[in-house]
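Just below is one structure, and these are the notes that go with it.
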Amino acid sequence: MIVRNVLVTGGAGYIGSHACTELLQANYRVVVVDNLSNSKAESLSRVEQITGKPVQFYQADIRDKQALTDIFSREAISTVMHFAGLKAVGESCEQPLNYYHNNVYGTLVLVEAMRDADVKQLVFSSSATVYGESVHVQYTEDFPLGPINPYGRSKAMIEDILRDLSAADTISKVQNPWKIALLRYFNPIGAHESGLIGEDPNGIPNNLMPYVSQVAIGKLAQLSVFGDDYPTRDGTGIRDYIHVVDLVKGHIKAIAALQGERFNAGACRAYNLGAGRGCSVLEIIETFERVTGKKVNYKIAPRRVGDLAECFANPERAIMELDWKVEKNLDDMVSDAWNWQKKNPEGYV
Ligand code: NAD
Ligand code: UDP
């Protein structure tokens with residue numbers, strides 16, 4: 001069997017480390033580039049521990065063209081999974097230039113280095129935040145885009161750049177055209193079942209699941225439920241939570257799809273990765289308490305600015321074209337998140 005080398009940018013991060021694990025288990029060779037700005041190299045040691053296989057790690061910034069050129073000349077990369085980026089919505093409103101520089105410029109440098117090395121298969125971490133506000137709560141890929149914060153706009157700009165890149169190859173009918181999957185994630189939560197890798201947020205978490213886990217373990221005093229007056233079944237916000245392992249399995253399926261007929265002449269195509277069902281904040285708390293036996297101390301607080309009442313994925317396209325579907329339910333997500341939290345109360349230290 002031919003071993004294919006995949007370059008994973010941001011591979012030391014939350015989703016990237018799970019992707020490395022899944023890739024190694026699917027017999028790919030994994031090369032990681034990460035500047036460790038929001039992660040620790042320990043995550044990659046844990047990936048090696050889980051899989052019993054090595055990860056080739058380069059500590060570098062994707063904006064460093066020379067570093068990328070060196071990596072492409074040293075490793076025979078066939079495909080890139082691009083996770084590297086900044087991801088906090090609130091921070092992006094305070095530091096927009098940092099977000100555009102890191103996410104948009106970083107991706108430009110990456111695709112230039114890829115083009116120079118004639119590596120033109122890319123799986124990109126996009127986000128449901130690229131969608132605009134809609135009267136429909138279940139999003140399909142052809143919904144109009146209209147992100148409302150700099151983070152979301154950085155993802156939408158990257159999508160535009162990648163679509164243009166692919167279109168240019170189609171017009172000029174080049175021999176090795178760009179093949180790009182834009183994967184729009186909904187709300188990834190949970191952790192690898194081993195409890196060795198998981199989400200390790202810096203400081204106080206912004207996202208619901210790590211916040212709930214840290215309240216349950218006693219690191220944080222109380223969860224604020226942002227709003228109970230939304231027009232939803234219990235008044236709290238509804239999102240589409242997806243187990244991180246299901247999410248990264250979608251990436252492995254995407255790599256396979258890039259080799260298939262749909263992408264033969266080159267293409268850039270978006271896919272929603274979500275479970276296709278919504279779950280409220282109170283349902284998350286109830287599930288957490290039932291599955292872990294731990295009480296979650298919470299209070300109802302005002303709505304968070306910029307939050308939608310409800311959104312969830314229509315994942316039909318990924319199911320049909322990537323031959324992918326979620327396998328894990330909310331109980332699995334919660335119990336794996338808790339397993340990781342219990343085993344690593346201080347994260348990767
Ligand atoms: P993360 O912060 O855990 O991982 C990102 C990794 O990229 C980190 O290891 C960080 O050190 C690295 N990185 C950042 N900038 C870099 C740069 N310039 N050069 C090299 N490395 C760099 O985040 P995550 O949750 O694993 O998210 C991965 C990707 O998925 C991101 O692009 C994010 O925007 C996207 N995404 C995440 C979510 C989510 O809820 N976690 C949802 C939608 C999309
Ligand atoms: N949420 C909450 N308290 C928190 C964090 C989040 O009530 O401390 C709610 C938030 O309003 C939303 C849902 O939980 O309805 C998911 O929020 P998260 O930040 O995890 O993801 P988002 O969908 O906003 O990216």
Side-chain angles (χ1 to χ4, degrees), residues 8-19 32-41 43-44 58-64 67-68 81-90 92 98-99 101-107 109-110 124-130 149 151-152 154-155 158 183-189 197-202 204-212 214-215 220 222-228 230 232 236-242 244 247-248 251 273-274 278-285 296 298-312 348:
V8 184
T9 76
Y14 170 45
I15 303 171
S17 56
H18 288 82
V32 167
V33 56
D34 198 305
N35 64 2
L36 302 183
S37 60
N38 196 38
S39 54
K40 301 195 178 68
S43 63
L44 296 175
Y58 294 91
Q59 184 173 346
D61 196 296
I62 55 163
R63 291 165 292 185
D64 181 345
L68 291 186
M81 272 190 197
H82 178 28
F83 297 99
L86 303 177
K87 62 165 183 177
V89 169
S92 79
N98 205 13
Y99 271 67
H101 199 266
N102 201 83
N103 294 3
V104 181
Y105 175 67
T107 303
V109 174
L110 174 69
F124 171 61
S125 297
S126 189
S127 165
T129 55
V130 298
N149 53 61
Y151 165 68
S154 76
K155 291 288 180 189
I158 295 168
L183 304 185
R184 295 180 182 155
Y185 311 161
F186 281 69
N187 290 56
I189 60 171
I197 54 173
E199 190 169 9
D200 182 17
N202 269 335
I204 296 176
N206 291 309
N207 296 113
L208 179 63
M209 195 64 219
Y211 207 109
V212 168
Q214 293 196 13
V215 169
L220 295 171
Q222 191 175 46
L223 170 76
S224 291
V225 173
F226 296 141
D228 69 347
Y230 285 109
T232 58
T236 65
I238 291 185
R239 295 289 181 277
D240 184 336
Y241 298 93
I242 172 171
V244 64
L247 182 85
V248 298
H251 292 61
L273 294 186
C279 176
S280 77
V281 178
L282 290 181
E283 285 163 358
I284 288 277
I285 296 171
V296 179
Y298 73 88
K299 65 167 190 225
I300 304 298
R303 293 180 181 189
R304 186 170 66 179
V305 177
D307 271 358
L308 298 172
E310 180 168 6
C311 87
F312 56 100
Y348 293 112

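Please read all numbers here as calculations on a predicted model, not as lab measurements. Order of listing sets the numbers, starting from 1, for every ligand and every atom in it.
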Location of contacts on P205 toward ligand 2, heavy atoms closer than 4.0 Å: neither
Heteroatom proximity flag, F226 to ligand 2, N/O under 3.5 Å: yes
Check: Y211 N/O within less than 3.5 Å of ligand 2 N/O: no
Heavy-atom proximity to atom 44 (C) of ligand 1, best of S154, S126, S125: S126
Y230, portion touching ligand 2 at heavy-atom distance under 4.0 Å: neither
Atoms of ligand 2, numbered as shown, that sit under 4.0 Å from any heavy atom of N206: 5 (C), 19 (O)
Atom indices of ligand 1, in the order listed, that fall short of 4.0 Å to a heavy atom of S127: 43 (C), 44 (C)
pair I62-H82: side-chain heavy atoms closer than 4.5 Å: yes
Closest approach of any protein heavy atom to atom 20 (O) of ligand 2, naming residue and atom: L208 N, 2.9 Å
Min side-chain heavy-atom separation Y211-I204 under 4.5 Å: yes
Under-4.0 Å heavy-atom contact with ligand 1, by part of D34 that carries it: both
Region of I284 engaging ligand 2 - heavy atom pairs below 4.0 Å: neither
Ligand 2-proximal atoms of V281, by part, heavy-atom distance under 4.0 Å: side chain
Residue and atom name of the nearest protein heavy atom (relative to atom 22 (P) of ligand 2), distance in Å to one decimal: N187 ND2, 3.6 Å
Spatial distance of atom CD1 (I189) from atom CD (E199) [nearest 0.5 Å]: 9.5 Å
Options N207, L110, D61, I242, ranked by nearest heavy atom to atom 18 (N) of ligand 1, top entry: D61
Which segment of N207 sits under 4.0 Å of ligand 2 when only heavy atoms are counted: both
Contact check, Y241 vs ligand 2, heavy-atom distance below 4.0 Å: yes
Top protein contact for atom 23 (O) of ligand 2, by heavy-atom distance: R239 NE, 2.8 Å
N187 side chain to R239 backbone, donor-acceptor under 3.5 Å: no
Heavy-atom side-chain contact between Y230 and S280 under 4.5 Å: no
P188 to ligand 1, any heavy atom closer than 4.0 Å: yes
Structural part of A60 in contact with ligand 1, heavy atom criterion under 4.0 angstrom: backbone
Proximity of E199 to ligand 1 by residue part, where a heavy atom lies under 4.0 Å: neither
Side chain to side chain contact (heavy atoms under 4.5 Å, CB included) partner of V281, the single match among V225, V212, T232: V225
Ligand 2-proximal atoms of L223, by part, heavy-atom distance under 4.0 Å: side chain
Option with minimal heavy-atom separation from atom 19 (O) of ligand 2, where the choices are E310, M209, R304: R304
Closest protein heavy atom to atom 3 (N) of ligand 2, given as residue, atom name and distance to 0.1 Å: S224 O, 2.8 Å
contact_flag K155 ligand 1 heavy-atom lt 4.0 Å: yes
Residues, nucleotides or ligands: over 12 heavy atoms within 6.0 Å of Y348 OH: yes
Residue and atom name of the nearest protein heavy atom (relative to atom 11 (O) of ligand 2), distance in Å to one decimal: D307 OD2, 2.6 Å
Nearest option to atom 30 (O) of ligand 1, as decided by whichever heavy atom of Y241, Y185, F83, Y14 sits closest: Y185
Aromatic ring pairing Y14/H18, orientation class (parallel under 30°, perpendicular over 60°, tilted between): perpendicular
Side-chain touch Y185/I15, heavy atoms, less than 4.5 angstrom: yes
Contact atoms of ligand 1, heavy-atom distance to S39 under 4.0 Å: 8 (C), 9 (O), 11 (O)
Whether T9 side chain and F83 backbone form a donor-acceptor pair below 3.5 Å: yes
